[in-house]
Amino acid sequence: MCSFFLCSYNEELLWYSGTINFGFKSKEDVNMASEKKDIILTGDRPTGPLHLGHYVGSLENRIILQEKYKQYVMLADLQALTDNAGNPAKVTNNVLQVALDYLAVGIDPQKTTCFIQSMIPQLGEITMYYLNLVTVSRLERNPTVKSEIKERGFEKSIPAGFLTYPVSQAADITFVKATLVPVGEDQKPMVEQTNEIVRAFNRTYNTDVLVEAKAIIPKVSRLSGIDGKDKMSKSLGNAIYLSDSPDDISKKVMSMYTDPDHIRVEDPGKIEGNAVFTYLDVFDSDKKKVEELKNHYKKGGLGDVKVKRYLIDVLESFLVPIRKRREEFAKDPAQVMDILFKGTKETEIVAQQTLSEIKEAMGINYKK
Ligand code: TRP
């Protein structure tokens, strides 16, 4: 399966490591890095279908990384339950939807091992050992968890599972001994906290069983919503899904936030914060055309509807092959679940091995 058609349009945006010193900027760099035999693990909470923000924030990186690395992609259903305890069906039903999104964008099960978190019981056990190496106050300081607690109104009463999910995420990252974790910007604190646990474990038990990981953060790790707000997200109701129909796309683009002061066609318009241009910058490979449109819009004489129609075409040409592949895979859900079961089986062997090493290092190895 070749995913080149999906990922070639803004390659230079892909290789960026944020503040972490892992700056491969070209395919050559990736080739070099791959000789180091890095292992990749990343994942998503299956709480809804994936959207363009997920694509830009991490899916795109995974499609390229799978060519060179051993890559694990996890359906984080356990983590999804930490704030959906009362609605497990929402989580289990979305496992298939997210898996379809993976396959549709070009995550290739021949190259990437996809698995279901709750089917790896060793993860729970590893989490229990790690929990003893983390303080509650450190967990309360995790900036991503902090803002999620606010968003969910958990301030007065935080489910313990929610507060401690970064520890479970540390188990996710370390059990395959991942060295690279391609994620959106908001996940950086999780990788930092994972590395603290790795160091604490190795120090406490005088071992080198666990390895530290680096986050790979794409340059455009946060795509704004169609309302122009900072972040595209399901809960904000401002997302364009990879599985949206042409009709959805056209309605959503037509309702996009532009420049509220651009009232008549001849008025000069603003580009900054204008969602239509933000999306063109990310999804249109014809950079010259985008520049022309921007200049015309700024000068005045270019109407919103016209630019929006153009953006619909750009997004459609990106989404048509994704939609087609999704429909193909969706015809046989059992086959998709089989792909996940096969990946899970393979992953469990690794989990058992690492768990044994962890227990050995701690001296928890009772023998008859
Ligand atoms: N926290 C991630 C998210 O919300 C999902 C996730 C769970 C994850 N475990 C992981 C990501 C391990 C990277 C590595 O999207």
Side-chain angles (χ1 to χ4, degrees), residues 18 20 38-51 53-62 65 69-84 90-91 94-95 97-99 101-102 107 112-120 122-124 126-127 130 139 142-149 151-152 161-195 197-198 210-218 221-223 231-235 239 343-344 347 350-351 354:
I20 296 155
D38 281 294
I39 294 173
I40 296 183
L41 180 126
T42 181
D44 303 281
R45 296 180 197 177
T47 51
L50 302 182
H51 51 60
H54 291 115
Y55 186 84
V56 171
S58 63
L59 295 173
E60 189 176 32
N61 264 346
R62 299 176 195 174
L65 291 165
Y69 299 93
K70 175 73 209 163
Q71 177 169 257
Y72 295 90
V73 174
M74 182 181 75
L75 287 139
D77 58 345
L78 280 182
Q79 191 174 107
L81 282 168
T82 61
D83 62 342
N84 286 287
K90 175 179 161 192
V91 176
N94 277 305
V95 164
Q97 294 311 312
V98 174
D101 287 331
Y102 287 168
I107 290 182
T112 295
T113 305
C114 298
F115 69 98
I116 301 177
Q117 187 184 27
S118 67
M119 292 181 78
I120 308 286
Q122 292 84 354
L123 280 175
I126 296 172
T127 303
Y130 291 178
L139 286 163
N142 184 307
T144 299
V145 176
K146 240 167 136 172
S147 64
E148 287 174 336
I149 286 171
E151 276 169 35
R152 287 159 179 73
F162 191 80
L163 184 67
T164 53
Y165 89 70
V167 183
S168 142
Q169 188 155 336
D172 303 337
I173 294 171
T174 52
F175 89 98
V176 294
K177 306 202 173 163
T179 48
L180 302 176
V181 184
V183 279
E185 181 82 30
D186 64 326
Q187 295 296 302
K188 235 161 60 179
M190 304 302 165
V191 179
E192 278 161 23
Q193 194 152 13
T194 296
N195 288 337
I197 292 172
V198 166
L210 300 184
V211 293
E212 291 193 43
K214 292 184 177 78
I216 305 178
I217 315 283
S221 77
R222 189 171 272 203
L223 186 65
K231 188 183 173 188
M232 178 177 283
S233 93
K234 186 164 53 80
S235 49
T344 303
T347 309
V350 182
T354 305

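Atoms within each ligand, like the ligands themselves, are counted from 1 in listed order. Given the structure is predicted, the values throughout are model-derived calculations rather than measurements.
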Review point. What are the atoms of ligand 1, with element, lying closer than 4.0 Å to any heavy atom of V181?
Key: 13 (C), 14 (C)
Point to revise | Flag, side chain of N142 to backbone of V145, donor-acceptor distance under 3.5 Å | key: yes
Point to revise | Heavy atom of the protein closest to atom 4 (O) of ligand 1 (residue, atom name, distance) | key: R45 NE, 3.1 Å
Practice item. Assess the side chains of T112 and Y102: does a donor N or O sit below 3.5 Å from an acceptor N or O? Key: no
Practice item. Using distance alone, determine whether Y165 and ligand 1 share an N or O pair under 3.5 Å. Key: no
Review point. Identify the closest protein heavy atom to atom 9 (N) of ligand 1: which residue and atom is it, and at what distance?
Key: D172 OD2, 2.8 Å
Check your understanding: Do any nitrogen or oxygen atoms of Q187 lie less than 3.5 angstrom from nitrogen or oxygen atoms of ligand 1?
Key -> yes
Review point. So, does Q71 use its side chain to make a donor-acceptor pair with the main chain of L65 at under 3.5 Å?
Key: no
**Study point:** atom 14 (C) of ligand 1 [closest protein heavy-atom partner, distance rounded to 0.1 Å]
**Key:** L41 CD2, 3.6 Å
Practice item. Number the atoms of ligand 1 from 1 as they appear, then name those within less than 4.0 Å of a heavy atom of A76, with their elements. Key: 7 (C)
**Study point:** Donor-acceptor pair between S118 and D77 side chains, under 3.5 angstrom
**Key:** yes
Review point. Nearest protein heavy atom to atom 8 (C) of ligand 1, by residue and atom, and its distance?
Key: Q169 NE2, 3.4 Å
Exercise for review: State, without any angle test, whether Q169 and Y130 hold a side-chain donor-acceptor pair at a distance under 3.5 Å.
Suggested key: no
Exercise for review: Using a strict 4.0 Å threshold on nitrogen-to-oxygen distance, state whether R45 and E148 make a salt bridge.
Suggested key: yes
Revision key, fill the gap. Of all protein heavy atoms, the one nearest atom 15 (O) of ligand 1 is G43 O, 4.0 Å
**Study point:** From the candidates M74, E148, H54, Q79, the one that places a heavy atom nearest atom 5 (C) of ligand 1
**Key:** Q79
Practice item. Using modelled atom types only, decide if a donor and an acceptor are shared between the side chain of T354 and the backbone of A351 within a distance under 3.5 Å. Key: no
